[in-house]
Amino acid sequence: MVLDNCLIIIISSPSGVGKTTITKRLKRKINKSYLSISCTTRSPRKNERNKKDYFFVSKEKFLKYKKQKKFIEKAKEHNNFYGTFKSELKKNYKKSKVVFLDIDWQGARNIRKKIKDNCYSFFLLPPSLSILKKRLIKRHSDNTRLAFSRLLSARKDLKYWDEYDFIYINDKLNTCVNEISKKIKDLIIEKDKRKSFKQIVKKL
């Protein structure tokens, strides 16, 4: 898939590091940006809404979509399926400068295989495992077993950090968002320069 008109920005992190919060804040800071809505079989969390935060579907429906090849990437995490609809990218890349993908390392790896140009990946690290543990226990205060299961998965996810283009530590949220935002704006400028150079070269 060739997406010349915009940047595809992948944001990944282990559970509890803050990729969803950071991605939503980046969307507000970057003009003409869009956050791709993923499809999932997991149940909605408190305050999550269908078709706004995720497309929440049954496992049977997800597998039907998979068979119909509607996903550009898909992955299984914590016994739930996740996927990005091809239609989400196709309907938004022409009118957006940036399309954000809030996905895990499996999805990121699949996207990078299919989109070679104008695609950049960012991986978020926690300041420390002890801080990540506290965050997960706080998030899942009603289910300690789930919190430790997520921590175990997070430790595995950390192994894939070096597959990404840019690495940031989410210690102070605002600082992290500002740093990533600046990098993305620089990438937009660079893309626009290359696009103009391409037109100049054509006329030579």
Side-chain angles (χ1 to χ4, degrees), residues 1-15 17-27 30-45 48-124 153 156-157 159-167 180 183-184 187-188 190-191 194-195:
M1 182 179 289
V2 179
L3 305 175
D4 290 332
N5 295 320
C6 77
L7 294 180
I8 300 297
I9 299 294
I10 298 168
I11 308 288
S12 300
S13 77
S15 180
V17 176
K19 73 177 184 297
T20 299
T21 299
I22 285 177
T23 306
K24 287 181 178 178
R25 292 201 180 195
L26 287 169
K27 180 182 177 296
I30 305 291
N31 292 331
K32 293 185 179 180
S33 63
Y34 177 79
L35 173 55
S36 176
I37 302 173
S38 296
C39 181
T40 183
T41 59
R42 76 162 173 78
S43 299
R45 292 173 184 154
E48 285 185 333
R49 291 161 52 191
N50 186 39
K51 297 183 181 180
K52 181 180 179 182
D53 298 289
Y54 284 93
F55 294 108
F56 293 102
V57 300
S58 65
K59 181 179 178 181
E60 290 73 23
K61 199 163 189 177
F62 188 98
L63 294 176
K64 180 181 178 181
Y65 289 150
K66 178 182 176 182
K67 189 175 182 180
Q68 294 171 339
K69 297 183 179 180
K70 291 194 174 186
F71 298 117
I72 190 171
E73 65 83 20
K74 54 194 177 299
K76 187 176 183 181
E77 184 181 4
H78 306 299
N79 295 317
N80 292 305
F81 290 104
Y82 294 82
T84 300
F85 286 119
K86 293 176 183 177
S87 59
E88 272 289 286
L89 295 186
K90 288 180 178 178
K91 75 181 182 182
N92 289 293
Y93 84 91
K94 288 184 178 180
K95 59 185 179 183
S96 304
K97 279 187 173 290
V98 173
V99 173
F100 287 105
L101 298 180
D102 170 5
I103 55 180
D104 75 348
W105 67 267
Q106 299 172 77
R109 183 182 282 180
N110 290 332
I111 288 289
R112 287 195 301 268
K113 288 178 182 177
K114 296 175 181 177
I115 303 177
K116 302 296 184 181
D117 298 321
N118 296 328
C119 180
Y120 297 93
S121 56
F122 291 73
F123 194 85
L124 307 176
S153 294
K156 293 177 181 177
D157 293 345
K159 297 177 182 178
Y160 300 96
W161 69 271
D162 61 349
E163 293 186 8
Y164 287 73
D165 298 312
F166 307 104
I167 317 299
I180 296 175
K183 173 57 70 173
I184 293 172
L187 292 171
I188 292 171
E190 182 62 27
K191 178 187 71 65
R194 293 183 69 85
K195 190 174 181 179

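Just so it is clear, the model here is predicted, and its values are computed rather than measured.
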NZ/NE/NH1/NH2 to OD/OE distance under 4.0 Å, Arg112 and Asp165: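 Looking at Arg112 and Asp165, the cut-off is not met.
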
Decide yes or no for [X] and [Y]: does some side-chain heavy atom of the first lie under 4.5 Å from some side-chain heavy atom of the second?
X	Y	answer
Tyr82	Arg42	yes
Phe122	Lys183	yes
Glu60	Lys64	no
Asn110	Thr84	no

Can you see which heavy atom on [X] is nearest to which on [Y], and at what distance?
X	Y	result
Glu77	Asp104	OE1-OD2, 3.7 Å
Phe123	Asp157	CZ-O, 3.7 Å
Ala108	Tyr164	CB-OH, 3.3 Å
Leu7	Ile184	CD1-O, 4.3 Å
Phe62	Lys74	CZ-CB, 4.3 Å
Cys6	Val98	CB-N, 4.2 Å

Hey, is [atom1] on [X] packed in by over 12 heavy atoms from elsewhere, all under 6.0 Å?
X	atom1	value
Arg45	CZ	yes
Asn79	CG	no
Lys91	NZ	yes

Is the backbone of [Y] close enough, under 3.5 Å, to the side chain of [X] for a donor and an acceptor to pair up by distance?
X	Y	answer
Gln106	Lys76	yes
Lys86	Lys69	yes
Ser12	Ile103	yes

Take Asp53 and Lys24, measure what side chain to side chain contact (heavy atoms under 4.5 Å, CB included) needs, and give me the verdict at the end. CA-CA 10 Å; Asp53 298 289; Lys24 287 181 178 178; 3.1 Å; yes

Going by side-chain contact (heavy atoms from CB on, under 4.5 Å), Ile8 matches just one of Asp117, Val99, Asn118. Which one?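 Considering Asp117, Val99, Asn118, a side-chain contact (heavy atoms from CB on, under 4.5 Å) with Ile8 is found only for Val99.
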
In terms of ring plane angle, is the pair Trp105 and Tyr160 parallel, tilted or perpendicular, where the classes change at 30° and 60°?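 Rings of Trp105 and Tyr160: parallel, under 30°.
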
How long is the span from the CZ atom in Arg109 to the CD1 atom in Ile111, to the nearest 0.5 Å?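 Those atoms lie 13.5 Å apart.
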
Donor-acceptor pairs are to be reported for all side-chain atoms of residues 31-38 against protein atoms at under 3.5 Å, with residues two or more places apart or in another chain.
from  : atom 1 : to    : atom 2 : distance (Å)
Ser33 : OG     : Lys27 : O      : 2.9
Ser33 : OG     : Ile30 : O      : 2.8
Tyr34 : OH     : Glu88 : OE1    : 2.8
Tyr34 : OH     : Glu88 : OE2    : 3.4

Please evaluate residues Thr40 and Phe56 with respect to the criterion side chain to side chain contact (heavy atoms under 4.5 Å, CB included), reporting the C-alpha separation (whole Å), side-chain torsions for both, the decisive distance (0.1 Å), and the verdict. CA-CA 5 Å; Thr40 183; Phe56 293 102; 3.7 Å; yes

